[in-house]
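Keep in mind the model is a prediction, meaning the values are calculated, not measured. Protein chains get the first letters and strands the later ones, always in sequence-line order, with residue 1 at the start of each.
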2 protein chains.
Amino acid sequence: MGSDQIIDRWVPQFRKGLLEFIILLKLQQGAIYGYELAVEIKKLTSIEVAEGTLYPLLNRLKRDCLVTSQWQTAEVGTPRKYYQITPLGLETLAKMKTTWTQTHNSIFNMVMQS
Amino acid sequence: MGSDQIIDRWVPQFRKGLLEFIILLKLQQGAIYGYELAVEIKKLTSIEVAEGTLYPLLNRLKRDCLVTSQWQTAEVGTPRKYYQITPLGLETLAKMKTTWTQTHNSIFNMVMQS
DNA sequence: CCTTGCTACCTTGTATTGCTAGGTATGCTA
DNA sequence: TAGCATACCTAGCAATACAAGGTAGCAAGG
């Protein structure tokens with residue numbers, strides 16, 4: 001097996017957990033609906049989020065009260081469900097930022113030593 | 001549920017995949033045995049790797065030919081299984097570094113905007 | 001001598017979760 | 001009116017982190 005196949009299997013694992021972090025970061029900048037979120041994440045991070053990943057994840061965040069959502073209907077177009085970050089979500093996001101920064105620094109040091 | 005509990009559940013998810021990366025980074029610096037690897041990872045990154053996580057993961061890396069291993073017995077002490085990184089492992093590690101760097105940059109930009 | 005604790009390896013079973021593959025529905029455009 | 005894009009959702013599969021438990025060697029203290 002070549003390293004490309006190995007990487008293809010590794011990348012989704014690498015993203016696990018990271019996705020929650022990225023979604024909360026994006027939500028911090030304002031309310032957004034699911035489909036647009038996937039497009040934005042792809043644009044910002046080159047990460048393609050499958051819808052089968054995104055919607056269950058958003059529901060998990062909602063279950064844990066990190067986000068809220070409500071339907072928004074317009075005269076034209078299909079209804080959209082907009083998500084907002086909650087105070088608990090902001091608090092959690094702050095801790096994630098700390099964890100992320102610490103882990104990055106550790107790994108960065110290891111990368112530099114090589 | 002408080003944000004601390006949420007973080008406690010998030011951190012293991014966040015580490016997924018990252019662990020493989022960290023192990024390969026460490027192996028790049030020289031051969032090492034499992035138990036010492038866990039101690040080193042904790043020292044370097046504050047990540048406590050359970051043995052039930054580490055040994056299956058090392059076997060996965062071996063199955064995929066990213067590392068090799070051999071037993072080393074001494075006159076005293078229990079035998080140790082030393083792991084070395086392979087050329088394929090080094091190749092894979094290089095690609096992981098690229099992915100890591102790109103993802104970090106994207107996230108860093110999002111963190112900065114907030 | 002024998003219990004405790006540390007080193008050092010391993011396996012089984014459970015819970016979580018990303019993703020594939022499918023479904024529903026609306027509206028625009030050729 | 002057919003095709004495509006938008007927009008939401010779910011069921012089931014596969015991968016995997018971890019808790020819990022097991023084996024074994026060795027050192028120190030009672």
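For the pair B/Thr92/A/Asp4, no side-chain contact is recorded, criterion being any heavy-atom separation below 4.5 Å from C-beta on. In this structure, the side chains of A/Lys42 and A/Ile47 stay at 4.5 Å or more apart for every pair of heavy atoms.
Atom-to-atom, CG of A/Leu37 to P of D/dC9 comes out at 12 Å; the value is rounded to the nearest Å. Between B/Phe14 atom CZ and D/dA17 atom C1' the separation is 15 Å, expressed in whole Å. Taking atom OH of A/Tyr55 as the reference point, atom P of D/dG12 lies 21 Å away to the nearest angstrom. Rounded to an integer number of Å, the gap from A/Leu54 CG to C/dC19 P is 11 Å. Atom CG of A/Leu58 is separated from atom P of D/dC9 by 8 Å (rounded to the nearest Å). C/dA15 atom P lies 15 Å from atom CD of B/Gln13, rounded to whole Å. Between the C1' atom of D/dT16 and the CD1 atom of B/Ile23 lies a distance of 13 Å, rounded to the nearest Å. What separates CG of A/Leu57 from P of C/dT16 is a distance of 15 Å, to the nearest Å.
Using a 30° and 60° split on the angle between ring planes, B/His104 and A/Trp100 fall in the parallel class, below 30°.
Distance check, rounded to the nearest 0.5 Å: CD of B/Gln70 to OG1 of B/Thr68 gives 5.5 Å.
Taking only side-chain atoms of B/Tyr35, from C-beta outward, the nucleotide of C/dC19, C/dA8, D/dA17 with the closest atom is C/dA8. The side chain of B/Tyr83 lies closest to C/dC10, out of C/dT17, C/dA8, C/dC10. Taking the side chain of B/Ala50 as heavy atoms from C-beta on, and the options D/dA17, D/dA19, C/dT11, the nearest nucleotide is D/dA19.
Using a 4.0 Å heavy-atom cutoff across all strands shown, A/Trp71 reaches sugar-phosphate atoms only and no base atom. Base engagement by B/Gly52 is indicated by at least one non-hydrogen atom pair under 4.0 Å involving a base atom.
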Note to self: For A/Gln72 and A/Tyr33: C-alpha separation, side-chain torsions, deciding distance, then whether side-chain contact (heavy atoms from CB on, under 4.5 Å) applies.
What the structure shows: CA-CA 9 Å; A/Gln72 205 143 314; A/Tyr33 61 97; over 6 Å; no
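Where A/Gly34 and B/Pro56 meet DNA chain D, the nucleotide closest to each residue was compared, and A/Gly34 sits on the side nearer the 5' end. Map A/Thr53 and B/Lys81 each onto its nearest nucleotide of DNA chain C; the residue landing nearer the 5' end is B/Lys81.
Of the possible donor and acceptor atoms, one in the side chain of A/Thr45 sits under 3.5 Å from a partner among the backbone N and O of A/Ile41. At least one donor-acceptor pair under 3.5 Å links the side chain of B/Thr86 to the backbone N or O of B/Cys65.
Between B/Arg15 and D/dT16, a side-chain N or O to OP1/OP2 separation shorter than 4.0 Å is absent. At the phosphate of C/dC19, neither OP1 nor OP2 sits under 4.0 Å from any side-chain N or O atom of A/Arg9. Close to C/dT17, at under 4.0 Å from its OP1 or OP2, lies a side-chain N or O of A/Arg60.
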Distances for protein N/O vs nucleotides 22-27 of chain C N/O pairs under 3.5 angstrom?
none

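With B/Met96 as the partner, the side-chain contact (heavy atoms from CB on, under 4.5 Å) test is satisfied by one option alone out of A/Val111, A/Val11, A/Ile7: A/Ile7.
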